[in-house]
Number of protein chains: 2
Amino acid sequence: MPSSVQRKRIRKDPADRRAEIVAAAAGIALTEGLECITLRRIGEELDVRPGLISHYFPAVEDLVAEAFGHAASAELDALIPAGRTDGTPTRHLARFFAHATGQAYDNISRLWLNARHLSRYRPVLSDRVVAQEAAWRERLEGLIRDGVGRGEFRTDDPLVAAIRILVVLDGLGAHANTDTGNRPPAIRRRRQHRGA
Amino acid sequence: MPSSVQRKRIRKDPADRRAEIVAAAAGIALTEGLECITLRRIGEELDVRPGLISHYFPAVEDLVAEAFGHAASAELDALIPAGRTDGTPTRHLARFFAHATGQAYDNISRLWLNARHLSRYRPVLSDRVVAQEAAWRERLEGLIRDGVGRGEFRTDDPLVAAIRILVVLDGLGAHANTDTGNRPPAIRRRRQHRGA
DNA sequence: CAAGCTATTGAGTGTGCGACCAATAAGCAA
DNA sequence: TTGCTTATTGGTCGCACACTCAATAGCTTG
């Protein structure tokens, strides 16, 4: 009868189980950090033996990379929806800045910081990071290009403008783990977008 | 007679030994990363038993923090000398930019990235990072303030200008582990300094 | 209902880590 | 030279990790 002493096995469809593992790992990555993605930790999260995680991901590094990709691309979709049809570019960009400079974005900043550092040791993760960087850049560039087309923004080079925005965002996000909360207002204040 | 099978003990002055340990740890931190600062690794580096490192640093975390502080403050001194008497602020700032955007700075970028991430888990290190951030900010602010006093730069708020520079530098440095080397020239090109 | 496929478990291996401590010997002082 | 202080060693302990694999049991199919 005891639920913990003898647990009933739950046998799931492999695809579902795999997705479940990735989702759990992505959650851990966001809240606790990528190095907390261990066979034991994920197994505990899903109430499953560590060996099962190994079964789906023979090398943990692959799960780490997958988890990062999952979390990062989900966040990107939330930040700048993929198939924008509603709203103006200006409105979308404003939403982007509002979210990306808010406190709720701290976990994402931490994740990027985490992933960029860990990339030093994990080639598979590194590839994912590079891919996500490209995805974010392209999505933002597309938005800016759209705005330029509609006469809402002015810039000679939407790609460079996008990169500049992302660089500043990365620079601000670098302090997500150490910030004591006393940024000068001039830094905290959202920048006006401005041509190249 | 074999040097490795039975090593002659070398007994050093505690202060010297301690400094030696910190220097070795700082070197490892720069080249291999802060998580490679282990009792075994540092002991090997100095050809000494791991227990000795424990003797000087009962908690490894303290050594990690010390090593980071050592490396970071040494780099700051190399970047912007403490007691500037030679050269103009413009020249010093130019030197600063030249060095901080060069490839030789990659190890420093990696170290900052490393430290900022690890700060998430290591409070002692976190304090050091905050302190070094302040030191860098103040040193750069002093340089800018000097330049403003001499009429070489123009800005209403040297502190904000310094922070902006550092934020961009952090943003660029975030990619030290993943960069594939194909940055658009417009991003690579050193920015002109410009008033607030 | 029976049989087979395979998702899941349980148990074990080897590695590297920080921490701890009694024993040892280097160098200084008497 | 002798003796003392203490820097240094060698060994050990417990823990967490990834990875492996034979045994087990849930589900589906005939």
Side-chain angles (χ1 to χ4, degrees), chain A residues 1-25 28-29 32-67 114 118 121-125, chain B residues 1-25 28-29 32-67 114 118 121-125:
Chain A
M1 214 74 28
S3 66
S4 45
V5 51
Q6 185 55 12
R7 337 165 326 85
K8 174 156 168 55
R9 289 190 186 183
I10 299 176
R11 191 188 175 100
K12 296 195 173 176
D13 178 85
D16 293 349
R17 184 63 97 181
R18 190 188 164 92
E20 188 184 40
I21 291 174
V22 171
I28 302 282
E32 305 174 21
L34 291 166
E35 29 278 283
C36 292
I37 298 181
T38 69
L39 301 180
R40 287 164 178 75
R41 183 70 188 81
I42 305 298
E44 171 193 335
E45 193 72 11
L46 298 176
D47 196 35
V48 136
R49 301 297 115 210
L52 185 61
I53 314 298
S54 268
H55 176 69
Y56 287 92
F57 291 89
V60 190
E61 178 173 0
D62 293 334
L63 174 56
V64 172
E66 190 83 11
N114 194 170
L118 212 56
Y121 307 106
R122 314 237 156 140
V124 186
L125 175 60
Chain B
M1 224 59 39
S3 65
S4 44
V5 50
Q6 185 54 12
R7 337 165 327 85
K8 174 155 170 52
R9 290 189 185 184
I10 300 175
R11 190 187 176 99
K12 297 196 172 175
D13 178 85
D16 293 350
R17 184 63 97 181
R18 189 188 164 91
E20 188 184 39
I21 291 173
V22 171
I28 302 282
E32 304 175 20
L34 291 166
E35 29 278 284
C36 292
I37 298 182
T38 68
L39 301 179
R40 287 163 177 79
R41 182 71 187 82
I42 304 298
E44 170 193 336
E45 193 72 11
L46 298 176
D47 196 35
V48 135
R49 301 297 115 208
L52 186 61
I53 313 298
S54 268
H55 175 69
Y56 286 93
F57 291 89
V60 190
E61 177 172 2
D62 293 333
L63 174 56
V64 172
E66 190 83 11
N114 194 169
L118 212 57
Y121 307 106
R122 313 239 156 140
V124 187
L125 175 61

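Naming: A, B, ... by sequence-line order, numbering from 1 per chain.
- Summarising the geometry, the separation between CZ on A:R49 and C1' on D:dA18 is reported as 17 Å, rounded to the nearest angstrom.
- Closest to the A:L52 side chain, of the nucleotides D:dC27, C:dT9, D:dT20, is C:dT9.
- Rounded to a whole Å, the NE2 atom of B:H55 is 18 Å from the C1' atom of D:dG11.
- Distances shown here put a side-chain N or O of A:Y56 below 4.0 Å from the OP1 or OP2 atom of C:dT8.
- Of the residues in residues 14-21 of chain B, those with a non-hydrogen atom less than 4.0 angstrom from any atom of DNA chain D are B:P14, B:R17.
- DNA chain C lies under 4.0 Å from no heavy atom of any residue of residues 37-47 of chain A.
- In this entry the distance linking CG of B:D13 with C1' of C:dA26 reads 14 Å, nearest Å.
- Closest approach to the B:R9 side chain among D:dT24, D:dA18, D:dT8 is made by D:dT8 (side chain taken as heavy atoms from C-beta onward).
- The interatomic distance linking B:I53 (CD1) with C:dC17 (C1') rounds to 15 Å, in whole Å.
- Residues satisfying the side-chain contact (heavy atoms from CB on, under 4.5 Å) test with B:V60, not counting sequence neighbours, are B:L39, B:V64.
- Between A:R11 atom CZ and C:dT6 atom C1' there is a gap of 5 Å when expressed in whole angstrom units.
- Atom NZ in B:K12 sits roughly 12 Å away from atom C1' in D:dA7 (whole-Å rounding).
- Atom CD1 in B:I10 sits about 16 Å away from atom C1' in C:dT24, given to the nearest Å.
- A:V48 places none of its side-chain heavy atoms less than 4.5 Å from the side chain of A:I21.
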